[in-house]
Amino acid sequence: MHYARKHLYSWIDLIKSALFSMVNGDGAHENVEDTESKQDGNGEVDGGEESNEQEVIVIQDTGFTVKIQAPGTEPFDLQVSPQEMVQEIHQVLMDREDTCHRTCFSLQLDGNVLDNFAELKSIEGLQEGSLLKVVEEPYTVREARIHVRHIRDLLKSLDPSDAYNGVDCNSLSFLSIFTDGDLGDSGKRKKKGTELEQIDCTPPEHILPGSKERPLVPLQPQNKEWKPMQCLKVLTMSGWNPPPGNRKMHGDLMYLYIVTVEERHVSVTASTRGFYLNQSTTYTFNPKPANPSFLSHSLVELLSQISPAFKKNFTALQKKRVQRHPFERIATPFQVYSWTAPQVDHAMDCVRAEDAYTSRLGYEEHIPGQTRDWNEELQTTRELPRKNLPERLLRERAIFKVHSDFAAAATRGAMAVIDGNVMAINPGEETRMQMFIWNNIFFSLGFDVRDHYRELGGDAAAHAAPTNDLNGVRAYGAVDVEGLYTLGTVVVDYRGYRVTAQSIIPGILEREQEQSVIYGSIDFGKTVVSHSKYLELLEKTSRPLKVQKHSVLNEKNDMVELCSSVECKGIIGNDGRHYILDLLRTFPPDLNFLPVDGEDLPLESQHQGFPRQHRHRLACLRQELIEAFVEHRYLLFMKMAALQLMQQKANKDTKTDTPNGECKSPLEGKELEESIPGLSQAKELAASLVAEDGSDPKSREVVLNACKAVGSICNTSFDIRFNPDIFSPGVRFPDDSADDVQKQKQLLKDAAAFLVSCQIPSLVKDCLDHSALPMDGATLTEALHQRGINVRYLGTVLEFVDKTPAKAQLEHFYRIGISELITRCAKHIFKTYLQGVELSALSAAVSHFLNCFLSSFPDAVAHLPPDELVSRRKSRKRRNRVPGSGDNTAWASLTPSELWKNIGSEAQSYYHFAIQCESVDQVVEKYGLQKTNLLREISIKTGIQILIKEYNFDSRHKPAFTEEDILNIFPVVKHVNPKASDAFHFFQSGQAKVQQGFLKEGCELINEALNLFNNVYGPMHVEICACLRLLARLNYIMGDHPEALSNQQKAVLMSERVLGIEHPNTIQEYMHLALYCFANGQLSTALKLLYRARYLMLLVCGEDHPEMALLDSNIGLVLHGVMEYDLSLRFLENALTINTKYHGSRSLKVALSHHLVARVYESKAEFRSALQHEKEGYTIYKNQMGEAHEKTKESSEYLKYLTQQAVALQRTMNEIYKNGSNASIMPLKFTAPSMASVLEQLNIINGIIFIPLSQKDLENLKAEVQRRQQLQELGKNEEPSEDSPLELEDKIPID
């Protein structure tokens, strides 16, 4: 044990160093290097604010500059900070253009070698201006391999194939194609912007309003930069490896085989002194140095001497590499997969070949001790101290880093298991029952082995349990109780199988499960044990997770106390830690999907047809629902107390004290509240009452009644918790807790009813008023989950929408819902379909399935693999085949009509929703879907990657897909996302400040949050993306356009890289960036970005979507600004149509749309049409706002002006008719709109308000905002909300 601990401390230092290199080395330091390149370029530094991004608030030490002298280059300055490690300077040097080819060197100060893992502040004599020398060191085998790997990475740095193949956390980004490189620099080319004629504004045909085609190819525009500059033909390990003993003693480490672009074949020795040419050929081994041998310390120096093409292209390549935005090349924390890819040539790659056959991952060479002990790493990082901010940052960073590494390793292992590359630990059993260990991770398949789940739904339950368990792990991890440990857990769906990957509890494999479990039950509650230490630890989670402590009976009828569900098992590992596992019932059961004999649900549920039979009995409520339900009950509790207090007061006045024992049921309380004056004061009283210690009997009684009414578990204060074992088959409760159990049952029924009667309607309401705007399946699922609605309620939600009076305004939502429902049903069918497919037929099977699902071709026929590949001699006895090797060809007999019939019955049985459809074309017709969209959804859900080309789905003569079109099948991975808690608090308080109108303070807080996020997550993360977007918006509002542009550019790049190139969030980011480009005078870029956004939106959700109106208004305004009036009208009139449809014809948005259209008609001098539109707008303003409102006045002024212009034009025309060519014509004022006026309208439609920021204005603004808030609290705020010019909540939507 002692040894292990000692080893751990050194391990923690290593983790620290690995983390620092991860965060600063690859990410933040690239800013430093950018600074340099910018300084050379145009003599101004815009990297100043970036290079100190790493400084955390806490650590106020300032950075200093050191000089670095590398062999063969001029000394250069490098800005460093005292907390950095020497290792980070190494990383920077390995990334700089002029030193990137060195990997094996030490840094020396006055002849002393610096320790790699020392912090700079601990090094004696290191100060401002010190000179650090880069000294080449002798190679070892490990260093030589690292060197070759690094050179290979440099050669591949512009090659997108890793992103297409979904490896090494690479992902795609296309922004730079639309901005022609970096926005900051192209800002210098504004001169062109003023000569509008040069801008080509014509959008591609397929993105014009009304276009029906949805091409796929533009999704990945070809980047000219990516045309590979070939430096070498082949670089690979030689067949002569490893060196024989006599050559080892000459210092040979390994041999490489290289073919240069000039077709020169050479054999290279890596020796301790460096790299040199030897005399071996492909078939003869002669390790003697060639003449000349070109001995060089770096492979790059050697190759530059023997191949002129290498020298030229490598230099050019590195120039391009460092010019790319760092965010285009930094690795993402978790792998993102692309569902489309072009045909990429498969080139030889020594490192890839080597990696494929080792169980280790590329970066593990840097960690001593061969494979990583994941469990030890995951738990040790949890144990790091967390008393102050720097400690918490280090701890959270370590937790996050280990989690993302673990997720990568688990994913790789799960794929290896299914692909048959891992030996089972129980090879004698049949395949479904096999378990695997690889790289210190335990893998099991999602099947019901040994009838464990027989009573709960068999395989369906076994499939649902891992995700429930993962939710439990997530919840306990977030509560973060010291001393309570959960397993690292990752759930991977791959090729139709569900694999659970878990870290291994030390010692668990040596013991039988029965002996290990000292808390909980291994047989669903027949035998149960408890343990005082576990109770103490779990009690700490009881309040945050709303889990009720309760007793159950064991097989001997003894009472056993638990503070979790019975399935939750406690095991003390050999490391002495208290682990809990099997957290699948952390949250209470969902009674809407769990019919129980003799129990009736509340009416709200019954009206919707609940309870419904579900596939399995593990359906539970989401944590978000529990939170919302408790919140709702708390409000109810306050109202109850307040009403009673008022009654008491009323009774005092009338002097008749009636006993106030009987208490209203919670639901009757609702109608009362509207009718009672003074309720708010009573509520305040109630709040103070609840806070008291209950000494006054009157108030105690009030609290007691209110507690009873809302089902609190405690009689003196509000406290709702759930017993997760209620309705679990096999669990028995002691008789004396019958009352409690009854109460708990009622609570569960109320929660189930609450989901149906409150949460679903509130989701629909949010979609109606556009505060929720799902665009595709993923964002729809997110919207459901945020409100605690499980996706199994999708059918119910759609039925609710169907019955809503405002159904027309929910058409976009309904369509996305239907498409999600259909693709999920198809996914369920695809899962079992794939399980029967052997590996050699995988692409044929997938393309056949897609043909049946999407192609109009009625008799899709599967292509079976040619006979010579199907071995006839298969012995039926071999039980231990890999899970994915079913050798049947049943899949080939699937037909389109059969598949669609199955989809219909799946929709009925799983979602209880009726889809009338016999074929894809009927469905597309009936629900207005698009096939490319269905293809995207099914591909993302199942991990299919297809060739990017135009598919002809509608041909009735040949199928749309061939097996060549299926490029890959990826895993779909679910894991825990550890959070940066402090950073998040800063971010939230920053948002709150902004909403109150304190922009400066808000901006500072959000910058602070950005710093902390960078510290924990490294440079790339979804939350950093949100942070950058908000910062950009604030920069813009406060008038700093270049800074807004720089931050928003980062947000777009990050969204593309972390969420995906066509994720709805990325589309939004493109729109914001376009606005800031326009404000910066980069008109053609703004248009390109808007066109890109429109293309993506058409692909993802089609034209009929409320968000499309905003996008089209933006495009229309910019086109108006560049005097493309006819084009502008097409977009603006489309926006008007969509706004009218989704916001109602009397909405202020529609009025604004009319006004924008009118302005374009005015520019075209078509005054009649202009007047017509402006009148419509005026009418809306007058009806909504009244005559006196400034908007109405503005509109009426504009009408007068238009009328004058129209009259003037008419006069001129008459004059011409009368006098012919010699008429004296008054010159008419036809003006192109000024950029300022266009920008003003752009800001209005994008909900941005500018705040004149003089000190006095700021004070007034704050006073105004506070006055508003008071008004709202008093309920006097009756002005229509869309008007008020200062209403910040509207104007700075915080996403």
Side-chain angles (χ1 to χ4, degrees), residues 203 206-215 219 763-784 794 797-798 801-802 804 806-823 924 926-937 940 1059-1060 1062-1072 1074 1089-1116 1130-1145 1147 1149-1150 1152-1153 1245-1247 1293 1295:
H206 59 259
I207 68 161
L208 285 172
S211 163
K212 283 286 170 275
E213 50 172 328
R214 301 279 178 265
L219 177 59
L763 166 73
V764 173
K765 182 185 156 302
D766 287 347
C767 289
L768 266 177
D769 60 26
H770 304 284
S771 53
L773 262 182
M775 268 192 205
D776 68 343
T779 41
L780 171 71
T781 308
E782 209 175 301
L784 289 166
L794 188 53
V797 172
L798 290 175
V801 170
D802 214 10
T804 308
K807 188 192 168 188
Q809 293 183 25
L810 288 166
E811 228 171 84
H812 63 295
F813 180 80
Y814 192 72
R815 187 180 315 109
I816 295 166
I818 290 282
S819 138
E820 179 70 352
L821 191 135
I822 289 174
T823 41
V924 166
K926 179 170 160 65
Y927 297 109
L929 308 179
Q930 3 181 100
K931 288 187 181 179
T932 34
N933 181 5
L934 289 172
L935 175 63
R936 170 179 180 265
E937 294 285 356
I940 290 172
L1059 291 167
E1062 79 300 22
H1063 189 280
N1065 186 69
T1066 307
I1067 301 177
Q1068 306 260 318
E1069 304 295 11
Y1070 264 97
M1071 286 165 64
H1072 295 313
L1089 294 169
L1090 287 169
Y1091 288 162
R1092 171 69 170 170
R1094 192 170 209 274
Y1095 165 73
L1096 293 175
M1097 204 187 293
L1098 286 173
L1099 185 75
V1100 167
C1101 63
E1103 193 161 58
D1104 184 18
H1105 191 282
E1107 195 66 0
M1108 193 55 97
L1110 176 59
L1111 183 46
D1112 281 352
S1113 305
N1114 273 303
I1115 296 177
R1130 289 184 71 170
F1131 287 99
L1132 288 175
E1133 290 183 327
N1134 192 48
L1136 175 61
T1137 313
I1138 297 178
N1139 271 333
T1140 313
K1141 172 173 178 178
Y1142 285 108
H1143 292 270
S1145 54
S1147 126
K1149 274 206 167 47
V1150 174
L1152 184 54
S1153 263
I1245 61 171
N1246 289 296
D1295 308 292

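Values reported hereafter were calculated over all heavy atoms of this structure, with side chains retained and with hydrogens, waters and symmetry mates removed. All figures in this text were calculated on a predicted structure; none of them were measured in a lab.
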Flag, side chain of [X] to backbone of [Y], donor-acceptor distance under 3.5 Å:
| X | Y | result |
| --- | --- | --- |
| R1094 | L1089 | no |
| Y814 | L798 | no |
| H812 | Y1142 | no |
| T1066 | E1062 | no |
| T1140 | L1136 | yes |
| R214 | T932 | no |
| T804 | A806 | no |
| H1143 | I1138 | no |
| S1113 | A1109 | yes |
| D1112 | L1132 | no |

Taking all non-hydrogen atoms of both residues into account, name the closest pair between [X] and [Y] and its distance.
| X | Y | result |
| --- | --- | --- |
| I816 | G777 | CG2-N, 4.2 Å |
| E1103 | G210 | OE1-N, 3.0 Å |
| L1099 | L219 | CD2-CD1, 4.0 Å |
| L810 | C767 | CD2-CB, 3.8 Å |
| V1100 | P1064 | CG1-CG, 4.5 Å |
| P209 | F1131 | CD-CE2, 3.5 Å |

Rounded to the nearest 0.5 Å, what separation is found between the [atom1] atom of [X] and the [atom2] atom of [Y]?
| X | Y | atom1 | atom2 | result |
| --- | --- | --- | --- | --- |
| I818 | L794 | CD1 | CG | 8.0 Å |
| E1107 | M775 | CD | CE | 4.5 Å |
| L780 | R815 | CG | CZ | 13.0 Å |
| L1096 | C1101 | CG | SG | 10.5 Å |
| M1108 | T1137 | CE | OG1 | 12.5 Å |
| L935 | Q930 | CG | CD | 11.5 Å |

- Which residue pairs pass the salt bridge (charged side-chain N to carboxylate O under 4.0 Å, His left out) test when at least one of the two sits in residues 770-780, sequence neighbours left out?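 Only D776-R936 qualify under salt bridge (charged side-chain N to carboxylate O under 4.0 Å, His left out).
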
Check whether any side-chain heavy atom of [X] lies under 4.5 Å from a side-chain heavy atom of [Y], and answer yes or no.
| X | Y | value |
| --- | --- | --- |
| H206 | L1098 | no |
| P774 | E782 | no |
| H1105 | L773 | yes |
| L1110 | K1149 | no |
| L1152 | N1139 | no |

- Mind checking salt bridge (charged side-chain N to carboxylate O under 4.0 Å, His left out) for E820 and listing every partner two or more places apart, or none if nothing turns up?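 By the salt bridge (charged side-chain N to carboxylate O under 4.0 Å, His left out) rule, E820 matches R824, K941.
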
- Query: How would you list, by chain and number, every residue that makes a salt bridge (charged side-chain N to carboxylate O under 4.0 Å, His left out) with K765, sequence neighbours excluded?
  - Reply: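 K765 satisfies salt bridge (charged side-chain N to carboxylate O under 4.0 Å, His left out) with D769 once adjacent residues are dropped.
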
- Message: Please enumerate all residues that pass ring-ring contact (aromatic ring centres under 6.0 Å, His included) together with H1063, with sequence neighbours excluded.
- Response: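 If we apply the ring-ring contact (aromatic ring centres under 6.0 Å, His included) test to H1063, skipping adjacent residues, there are no hits.
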
- Message: Checking E811 now: which residues fulfil side chain to side chain donor-acceptor pair (under 3.5 Å) with it, not counting sequence neighbours?
- Response: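 Once residues adjacent in sequence are excluded, the partners of E811 under the side chain to side chain donor-acceptor pair (under 3.5 Å) criterion are K1141.
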
- Item | Qualifying residues under side chain to side chain donor-acceptor pair (under 3.5 Å), relative to R1130, sequence neighbours excluded |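 Counting only residues at least two positions away or on another chain, R1130 forms no side chain to side chain donor-acceptor pair (under 3.5 Å).
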
- For Y1070 and L1090, run side-chain contact (heavy atoms from CB on, under 4.5 Å): C-alpha distance rounded to whole Å, both residues' side-chain angles, the deciding distance at 0.1 Å, then the answer. CA-CA 7 Å; Y1070 264 97; L1090 287 169; over 6 Å; no

